[in-house]
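Right, one structure below, let's go through it.
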Amino acid sequence: MAELTYLEALRQGMWEEMERDERVFILGEDIGAYGGAFKVTDGFQQKFGEHRVIDTPIAEAAIVGAAAGAAHMGLRPIAEMQFIDFISCAYDMLTNYVATARYRAGLPTPMVVRGPSGGYVRGGPFHSQNPEAAFLHTPGLKIVCPATVRDAKGLIKSAIRDDDPVLYFEHKYLYRRIKEEIPEGEEILTPIGKARVAREGKDLTIITWSAMVFKALEAAEKLEQEDGLSVEVIDLRTLLPMDDEAIMASVRKTNRVLVAHEDTRTGGVAGEITARINDQAFEWLDAPVKRVTAHDVPLPYAPTLEDFVLPQTDDLVKAARWLAAY
Amino acid sequence: MAELTYLEALRQGMWEEMERDERVFILGEDIGAYGGAFKVTDGFQQKFGEHRVIDTPIAEAAIVGAAAGAAHMGLRPIAEMQFIDFISCAYDMLTNYVATARYRAGLPTPMVVRGPSGGYVRGGPFHSQNPEAAFLHTPGLKIVCPATVRDAKGLIKSAIRDDDPVLYFEHKYLYRRIKEEIPEGEEILTPIGKARVAREGKDLTIITWSAMVFKALEAAEKLEQEDGLSVEVIDLRTLLPMDDEAIMASVRKTNRVLVAHEDTRTGGVAGEITARINDQAFEWLDAPVKRVTAHDVPLPYAPTLEDFVLPQTDDLVKAARWLAAY
Amino acid sequence: MASSTAPAAAKTALPAGLSREQLLEMYYFLRLTRALEERLVNLYRQTKVIGGLFRSLGQEGESVGSAYALDRSKGDFLSPLIRNLGSMLVQGATPLEILRQYMAKAESPTRGRELNIHFGDLERGFIGQISHLGDMIPVMAGVALSFKMRKQPRVALAYVGDGAMSTGAFHEGINFAAVQRLPLVIVCENNGWAYSTPTHKQTAVKQLSDKAAAYGIPGYRADGNDIVACYAVTRNAVERARSGGGASLIEFVTYRRKGHAEHDNQSYQPKEQIAEWEMNDPVDRFHGSLLSTGWSSGAELDAVDTRVQNELDAAVELCENEPLPAVNTALEGVYASPAVMQPEWYRAL
Amino acid sequence: MASSTAPAAAKTALPAGLSREQLLEMYYFLRLTRALEERLVNLYRQTKVIGGLFRSLGQEGESVGSAYALDRSKGDFLSPLIRNLGSMLVQGATPLEILRQYMAKAESPTRGRELNIHFGDLERGFIGQISHLGDMIPVMAGVALSFKMRKQPRVALAYVGDGAMSTGAFHEGINFAAVQRLPLVIVCENNGWAYSTPTHKQTAVKQLSDKAAAYGIPGYRADGNDIVACYAVTRNAVERARSGGGASLIEFVTYRRKGHAEHDNQSYQPKEQIAEWEMNDPVDRFHGSLLSTGWSSGAELDAVDTRVQNELDAAVELCENEPLPAVNTALEGVYASPAVMQPEWYRAL
Ligand SMILES: Cc1ncc(C[n+]2csc(CCOP(=O)(O)OP(=O)(O)O)c2C)c(N)n1
Ligand SMILES: Cc1ncc(C[n+]2csc(CCOP(=O)(O)OP(=O)(O)O)c2C)c(N)n1
Ligand SMILES: [Mg+2]
Ligand SMILES: [Mg+2]
């Protein structure tokens, strides 16, 4: 049993898939000899060669487009965005070309686009983004956001094996901050489309994903201690397609819901979740579904400002108390 | 009193602003001598000259980026996308550069990006898009979607005068299909951020915008005739910033809400609206807020398929009956 | 072709290593392209075409010639644009498929989902474009990348217009292909116009082939209305790519004799310019040289024309009365899984 | 400078139409850039810098030389990149502003919103970059477009790296500027590396100035470590643009002697390569030629060094104890109106 970090688990997942399936390859900026800006692919080029670990020019649309072309031909590309913020440069390619290829033309496009996302790292407006909301609206894409070491590995492996294009958004705050025992040789394949109950509870549900899961768990612990509240935490893991069943099961159980995400509120993923709950479990609600999100501003980098703009554990605690008292 | 089409009203609005303010100019593909793919700028270059009606290469990121640079310097650019579907090629420029310029660096960026959007025209997946949802999530941008001839004129004029970047999404289905008397010489300035009650009602509210407003009005008429239902129709007009006041006023009045849009459901604007209602008027709801949207697929062009995928008047009627009976 | 109708003896040596049969086959594709578009115009006028109709009138030579330079037996691949009907026919697309696409029939290759010639077939070796110009260059670079990674002796060919060369996607894709030395041939069809925009408003370069210099790859240039010249220059670039020479760019100098689409009255195009290029029609030119050189006989060429008309009669007749797609098919195939999307709740009421 | 300390007489004619005062001023900016970055390194080691630290060590010459070629009295404009600290100082940015930015102070130009030298000032004539490479080229084309539309005799200068030239935004922007004949000078800093990627993996062209050929504009090339050469070639391009000659591209051949940022151990850069370029340091070279030519005296140069150190002492001292931004300012200025965003509901609990 080895203790792995989130980053090591991601590496291991890609490594195993590349060993298992020679169709799998990686392309991106500085991923070869250098091993990537965060060393996620460190050692990959030495092991798998330059033809399977390809250093590209700075051209995200070309990286994603070339991945799509190779995927059509039966390969299984993993396209790395050096920071996920730069996926916006491939927005057209992803939403218009990649997402529609199967529907338009029956073209299989099994590919993964991944990269470091998220804030709480003083990265400022262009090295802290969470692009889930930008792609949630695109039929044809799948979106996964691992929160745990186990899922970092299990979701990348499932994403690589999936026959549809998958956006895998890893959280850079978690890279080296969380550790977990991962049994050697166990084949970990986290199912895409299935949420996880991160903590059982009966009074109130916090629905979230990625790094925010840990803030939710902290809040739940605190609420248990200080208020005797039993808080359930749902880690969605996959945002598209969304696991309505798991969401509604928890809503029917606790009747009170907080939806929390790190990204800004307006037009964010929490809106969609709220609409689904309202639609499918309205009668089960004892209180309005409330959103705890970042403020609607670009993310500033000064510590004082970033900490203010982003939702914190304490905000979840306060919001949960409000909701429990409703 | 002249009867104008939606397209003529838009033309007139831009024409008046260009006459009033020499800082206003237009740039885009084929907008000069040709007058644009839909003839929206027909005659503009002859009148205002090549330096104020600029034919550009096929380069949406450059069109939007150049507009931003000129706006910083005190000009008031209107960037035309030949079809709004191509705004995706400027997604990075709009969301990362334009939207954040004021917040990051105090740079004024008064500019308008506009173009023909929308379906029901057999345009297929890439000439029918409604990009509202793609930009709703971007603090720093404003989004307007005129449904009437009067607002086509009033919103373009307000957008041009606004000190923030405004996305003006006109609906090509309405271009020549609707007419309205617009008094000569009346200064029409539709306020950005204010919705409009398109039809008063007390039993149920349909919240929508753009071409869908007319389907909602048709449905309301039918429901009045056949079911004696009094349906209120809210034309949002501006999606960002959203007019919560107008929305909640109607919810408190009818207690039953349908949110309808032409675009696909998941991650669409209706989710945000539903979340706001749930958040601000939960106690006023006698039924779940229901969404009537397109199906979650790329838009096919065969008439049978397009008509099936897009929401129709009859769908609104059925949904409203269901909601009224809830 | 029945050898009885063959000319006594060719007066001129056969060009570019092409056989008489190949020349005749190229003529067939040329005629088929021209005639199929003419049928489409009639159907369009009868409002049987759904959406716009895009002509390649005057450009059929470069489409057919360049596509013919690929080696289908080796699995070469191409990505056509809206005016590359000829290229698709060469690559194996059938008139019936084209007609079905333009009429949005249930049996059309995209099952009524995408318009006109926006369709492909991995088996036959072509991928349909999307509307967003330039995007196919990175995608075809990826196709070429798969050939290189698998050490397959295959070549990919992608078309780009004089206008589409202004897009960022074109730049990122061609640079990627160049630096990775991928077997990709990029064919620029310089037809003088991008919708209403003349090439000099699109770029300040005089020759579009000069753009190759920015990527460190060879740039070739040919008379786009000389089908044999187009074949020869493309063949050379294709074999260069196949033998590991990497990417290259070819400019075909031609002209768009019709408007951007049928609805466009092309008022902005000088009448004389159009007339001048009409005198330089690629079909007439090839027809003329086939006869004057003695590569083909008049009887052979007439036989081709008859064959084309018969094939089109059959295709149009078959297609016209076919049904449009069944509505429920609209929910299929967005994903491999789930295979079918659920209908919206309001449809169950 | 006190003329008493001036050399008896210049042995060599003054270069590129520069006066002794100007040469000395260029030396001042060169030293200021180098010394300010050294201060920042210390602050970084003391973890007083928030976020990464980016060095321009070895590239100060081209930054200062090119920016110095602009005419501030005419309102010329530039857009710097992460390694153009020198250009910003020339354009009027102060060490105090830079320090405040790196330390995210309340009084920093962006009020703690954006990192390092990502800031601008329309008055002084520079716009801060965003991280997304290439995006500033279209934006600066728009700035140049405003000059042209208003018939102002102003010039815009935009920097781009060897790596950023691969982006679609660069291509769309430079092509737009070229075809519109805008007064835009694009300076490519070819420092051999884009993060860990050598230029030959970025593009197949040998000389980046060759890319100008794809846009029909002149491409110039200069020794990026020779500040006077950089000044001269840029001055020429700037005046060409001012007189209606349109856009141009300049390549400065230089070298990034530090890693991409301070955290980067630059293991991928050959030691000898770094050493070799160290021998070619732009500050040392300029210092040497100022003396050997007799354009300046040792006393003058020493005085500059002292002045620089004093200015930096003052700036660092002033900045260090300044407060970070007040939290409520985070909600200001997303829009002109509304001027302030509402705090989220949960903050009122
Ligand atoms: C990114 C993008 N912007 C705009 C358009 C609209 N558009 C369709 S075709 C066309 C002109 C294309 O000209 P060119 O590339 O020369 O091809 P041609 O039609 O001449 O064959 C334009 C502007 C588009 N399809 N994609
Ligand atoms: C569109 C985009 N993709 C990736 C990055 C990440 N990134 C930041 S700097 C850099 C290297 C830039 O190299 P170059 O343009 O040569 O500038 P230099 O650092 O050498 O001055 C990369 C890849 C980015 N900022 N923007
Ligand atoms: Mg063209
Ligand atoms: Mg570099």
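In the text below, chain A, chain B and the rest are named by the order of the sequence lines, each starting its count at 1. Side-chain atoms are counted along with the backbone in the values below, which use heavy atoms only and exclude waters and symmetry mates.
In plain terms, the two heavy atoms of D:V334 and B:P139 that are nearest each other are CG1-C, 3.8 Å.
Atom CD1 of B:I58 is separated from atom CZ of D:F176 by 13.5 Å, given to the nearest 0.5 angstrom.
Taking chain D as the reference chain and counting heavy-atom pairs below 4.5 Å, the highest number among B:K142, B:R52, B:H51 is found for B:K142. No other option in D:H132, D:H118, D:K148, D:H171 has as many heavy-atom pairs under 4.5 Å with chain B as D:H132. Considering only heavy-atom pairs separated by less than 4.5 Å from chain B, the leading option among D:Q180, D:M341, D:R150 is D:R150. Note on D:R113, D:E332, D:E114, D:R111: by heavy-atom pairs under 4.5 Å with chain B, the leading option is D:R113. Your options are D:L145, D:I174, D:I137, D:D135, and the one with the most heavy-atom pairs under 4.5 Å with chain B is D:D135.
Contacts between residues 90-110 of chain B and chain D, counted as heavy-atom pairs separated by less than 4.5 Å, involve B:D92, B:M93, B:N96, B:Y97, B:R102, B:Y103, B:R104, B:L107, B:P108. For residues 159-166 of chain B, heavy-atom neighbours of chain D at less than 4.5 Å comprise B:D163, B:D164, sorted by residue number. When the heavy atoms of residues 59-77 of chain B are compared with those of chain D, the residues falling under 4.5 Å are B:A59, B:E60, B:A61, B:A62, B:G65, B:A66, B:G69, B:A70, B:H72, B:M73, B:G74, B:L75, listed by number. Among residues 17-27 of chain B, the residues having any heavy atom closer than 4.5 Å to a heavy atom of chain D are, in sequence order, B:F25, B:L27.
Using a 4.5 Å cut-off between heavy atoms, D:Y335 touches chain B through backbone and side chain atoms alike. Interface residue B:D55: only backbone heavy atoms are found under 4.5 Å from chain D. Heavy atoms closer than 4.5 Å to chain B are found in the side chain of D:I127, but not in its backbone. Looking at D:S337, both its backbone and its side chain come within 4.5 Å of chain B, counting heavy atoms on both sides. Contacts between D:A330 and chain B at a heavy-atom distance below 4.5 Å involve backbone atoms as well as side-chain atoms. Contacts of B:I192 with chain D are absent, with no heavy-atom separation under 4.5 Å from either backbone or side chain.
For B:E187, the CD atom counts as densely surrounded, since its 6.0 Å shell holds more than 12 non-hydrogen atoms of other residues, nucleotides or ligands. No more than 12 heavy atoms of other residues, nucleotides or ligands sit less than 6.0 Å from atom CH2 of B:W284. Remark: D:Q152 CD is packed, more than 12 non-hydrogen atoms of other residues, nucleotides or ligands lying under 6.0 Å away.
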